[in-house]
Amino acid sequence: MDEAIHEKVREVIKSIPRGRVATYGDIADLSRAPSPRLVGRILNEDGHDLPWQRVIKADGTCAPHLRDEQLQMLREEGVPSLDGKVNLREYRWEDARKDADEPPSLF
DNA sequence: TACTTGACCGTAA
DNA sequence: ATTACGGCCAAGT
């Protein structure tokens with residue numbers, strides 16, 4: 001069942017620390033979801049009780065219909081945005097970059 | 001069954 | 001900076 005993935009996605013999102021953000025792709029990797037689009041769909045239907053404001057697009061922007069409210073919520077928890085974009089280099093949840101099954105780097 | 005629709009992503013022009 | 005395109009995949013028509 002992909003009901004398992006559904007729950008895993010929710011868990012990963014719940015574990016994003018305050019003051020950090022993760023991209024849809026990050027969540028997909030960590031939760032083994034087959035594609036980032038699934039993450040978006042899951043949030044849309046079953047994300048009301050999650051810290052959804054911490055999930056943003058890979059370019060640092062938010063989904064259009066949420067933009068204003070989301071950026072405001074993030075600002076309140078210490079994540080600033082400039083020109084509608086969050087600086088991922090500064091505020092991306094680092095654990096999300098750490099493996100999701102990456103081979104060890106040779107460097 | 002076939003086509004459309006998303007809270008998306010990476011690449012390229 | 002912006003647009004376009006292909007890939008993604010579950011749900012809804």
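A note on names: the letters A, B, ... follow the listed sequences, proteins ahead of strands, and every chain is numbered from 1.
Remark on DNA chain C: of its neighbouring residues A:Arg41 and A:Pro36, the 5'-side contact belongs to A:Pro36, judged by nearest-heavy-atom nucleotide.
A distance of 10.0 Å separates CD of A:Glu11 from OG of A:Ser31, quoted to the nearest 0.5 Å. The CZ atom of A:Arg92 sits 8.0 Å away from atom CD of A:Glu94, with the distance rounded to the nearest 0.5 Å. Within the model, atoms CG of A:Leu50 and OG of A:Ser15 stand 10.5 Å from one another, a figure rounded to the nearest 0.5 Å.
Across A:Val55, A:Leu30, A:Ile42, a single residue satisfies side-chain contact (heavy atoms from CB on, under 4.5 Å) together with A:Ile13, and that is A:Val55.
Note: CG (A:Leu82) to P (C:dA1) measures 11 Å, nearest angstrom. As a whole-Å value, the separation of A:Arg37 CZ from B:dC9 P is 9 Å. To the nearest angstrom, P of B:dA7 lies 18 Å from CG of A:Leu74. Summarising the geometry, the separation between CG on A:Leu66 and P on B:dC8 is reported as 9 Å, rounded to the nearest angstrom. Distance CG (A:Leu38) to P (C:dA11): 8 Å, rounded to an integer number of Å. Rounding to whole angstrom units, NZ of residue A:Lys57 and P of B:dC8 are separated by 5 Å. Atom C1' of nucleotide B:dA7 and atom CZ of A:Arg10 are separated by 15 Å, given to the nearest angstrom. Summarising the geometry, the separation between OH on A:Tyr24 and P on C:dA10 is reported as 18 Å, rounded to the nearest angstrom.
Comparing the C1' positions of B:dG6 and C:dC8 gives a spacing of 12 Å, expressed to the nearest Å.
For A:Arg54 (side chain) and A:Ile16 (main-chain N/O), a donor-acceptor pair under 3.5 Å exists by modelled atom type.
Salt-bridge check for A:Asp46 with A:Arg10: passed, with a basic side-chain N closer than 4.0 Å to an acidic carboxylate O.
Distance from the side chain of A:Pro34 is smallest for C:dA10 among the nucleotides C:dA1, B:dC8, C:dA10.
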Next on the checklist: Set out, in order, the CA-CA distance, both residues' side-chain angles and the distance that settles side chain to side chain donor-acceptor pair (under 3.5 Å) for A:Glu69 and A:Gln53, then state yes or no.
Outcome noted: CA-CA 9 Å; A:Glu69 184 185 1; A:Gln53 71 276 19; over 6 Å; no
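For the contact set between residues 42-56 of chain A and DNA chain B, defined by any heavy atom under 4.0 Å, the members are A:Leu43, A:Asn44, A:Trp52.
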